[in-house]
Every structure is written in structure tokens, then in C-alpha cells.
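Data first, discussion second: the structure below is written as C-alpha cells.
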Amino acid sequence: MITVTFFKENGSIVKVRARGHSGLSEYGSDVLCAAASALIQTAYLAVADILGNVKYKRNDDKGEFEFEIPKDCIDRHDVDVVLRALTIGLSDLQSGYPQNIKLEEQ
């Protein structure tokens, strides 16, 4: 199962962590993993484009990727729009594959 955790402070997402594989198909040919990865990585790239430098961790063997919004983020509105789009896209995937992807907030 893919688990995506949104860490929040004061109502805003400050970190996104994705872990696991969906188990829908073989590793390397799983369309659900590919879709979730594309959404998460695109959100990271958009946030990094807006802010310039965003910390991330990636481990392909374990199916892990996370990124964190800097505490001194000055373009919070633009970042929030990107992260809202991410949550909408992942929620849509979850609605179609509830046994393969889980979203949670901390």
C-alpha cells in the first residue's frame, strides 16, 4: 500500500511523505505507483521552482519520497495552491483504489 502523510502546522502542509508500493501490479510496471509518483514529484518540482531550495529525501528501493516546506517560506499562498492540487489528485486516486493508497494527516 502507498501511504501519503501530510504533516500540518497551523492548517498548512509543511511536509509530504510517501511510502510503499501499491501492490496493484509488478514493481516497475504499476500504473498506480507511477501516477502517485508523478503527482508527488511534480508537486515537489513546482514547490522547488517557487521557493528555490526545498529539502527532499528519496529511496527508490523502499518506495519513499518526502519533501519539506522551509519554515521561512515567503510564498505560502503559491505553495498552498500546489499542495492543494496534490491532495486533490491523490484523493482522486484513493477513491478509485482505496485498498492500495491511503492518505493521512499528522
Side-chain angles (χ1 to χ4, degrees):
M1 173 175 284
I2 300 168
T3 301
V4 182
T5 306
F6 298 97
F7 296 85
K8 290 188 167 186
E9 288 181 11
N10 300 320
S12 293
I13 296 171
V14 295
K15 182 164 66 170
V16 177
R17 178 186 297 148
R19 290 184 169 163
H21 296 284
S22 77
L24 191 65
S25 185
E26 289 182 32
Y27 180 81
S29 63
D30 190 317
V31 295
L32 184 56
C33 280
S37 293
L39 286 168
I40 294 163
Q41 290 179 36
T42 299
Y44 162 75
L45 291 169
V47 169
D49 184 63
I50 293 165
L51 300 179
N53 186 19
V54 177
K55 293 180 185 178
Y56 74 94
K57 295 178 188 174
R58 180 179 181 157
N59 185 325
D60 291 337
D61 293 335
K62 293 182 178 180
E64 297 178 350
F65 186 84
E66 72 176 53
F67 64 94
E68 192 167 344
I69 309 306
K71 297 219 182 273
D72 61 350
C73 175
I74 58 173
D75 294 315
R76 190 71 231 194
H77 170 48
D78 293 347
V79 169
D80 286 345
V81 170
V82 170
L83 296 176
R84 178 71 180 139
L86 173 61
T87 60
I88 291 168
L90 290 172
S91 293
D92 186 58
L93 288 179
Q94 183 186 37
S95 70
Y97 300 92
Q99 69 279 10
N100 303 92
I101 184 168
K102 177 173 81 169
L103 307 181
E104 57 186 25
E105 289 185 10
Q106 285 195 7

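Values reported hereafter were calculated over all heavy atoms of this structure, with side chains retained and with hydrogens, waters and symmetry mates removed. These numbers were taken from a predicted model, which means no experiment stands behind them.
Heavy-atom minimum distance, Ala18 versus Ile40: CB-CD1, 3.5 Å. Of all non-hydrogen atoms in His21 and Asp61, the two that sit nearest each other are NE2-O, 4.1 Å. Residues Leu39 and Gly89 approach most closely at CD1-C, 3.6 Å, considering heavy atoms. The two residues Cys33 and Ser22 come nearest to each other via the heavy atoms SG-N, 3.2 Å. Residues Lys8 and Glu105 come closest through the heavy atom pair NZ-OE2, 3.4 Å. Nearest approach of Gln94 to Lys102, heavy atoms of both residues: NE2-CA, 3.7 Å.
Pairs of residues two or more places apart, or lying in two chains, that qualify as side chain to side chain donor-acceptor pair (under 3.5 Å) and include a residue from residues 47-60 are Arg58-Asp60.
In this structure, the separation between CZ on Phe67 and CD on Gln41 is 10.0 Å, given to the nearest 0.5 Å. With values rounded to the nearest 0.5 angstrom, Leu32 atom CG is found 5.5 Å from Ile101 atom CD1. Atom CZ of Phe7 sits about 7.5 Å away from atom CD of Glu104, to the nearest 0.5 Å. Between the CD1 atom in Ile88 and the CG atom in Asp92 there is a gap of 10.0 Å [rounded to 0.5 Å].
The only option from Ile13, Leu51, Asp75 that meets the side chain to side chain contact (heavy atoms under 4.5 Å, CB included) definition with Ile69 turns out to be Leu51.
The environment of Ile74 atom CD1 is sparse: at most 12 non-hydrogen atoms of other residues, nucleotides or ligands sit within 6.0 angstrom. Counting non-hydrogen atoms of neighbouring residues, nucleotides and ligands closer than 6.0 angstrom, the OH atom of Tyr44 exceeds 12 such neighbours. In Arg84, the CZ atom is not crowded: 12 or fewer heavy atoms of neighbouring residues, nucleotides or ligands sit closer than 6.0 Å. Counted within 6.0 Å of CD on Glu9, heavy atoms from surrounding residues, nucleotides or ligands total 12 or fewer; the atom is thus considered open.
If you chain together hydrophobic residues whose side chains sit under 4.5 Å apart, Leu93 and Val31 fall into the same group. Placement of Phe65 and Leu24 within a single hydrophobic cluster is found when ILVMFWY residues are connected by side-chain heavy-atom separations under 4.5 Å, directly or transitively. Criterion: ILVMFWY side-chain heavy atoms under 4.5 Å apart, direct or through other members. Under it, Phe6 and Leu45 are part of a common hydrophobic cluster.
Side chains of Ser91 and Leu103 form a contact here, defined as non-hydrogen atoms less than 4.5 Å apart. Between Val4 and Leu86, every side-chain heavy-atom pair lies at or beyond the 4.5 Å cut-off. Residues Gln106 and Lys15 form no side-chain contact, since every pair of their non-hydrogen atoms from C-beta on lies 4.5 Å or further apart. No side-chain heavy atom of Ile2 sits under 4.5 Å from any side-chain heavy atom of Asn100. With contacts defined as side-chain heavy-atom distances shorter than 4.5 Å, the pair Val79/Val82 does not qualify.
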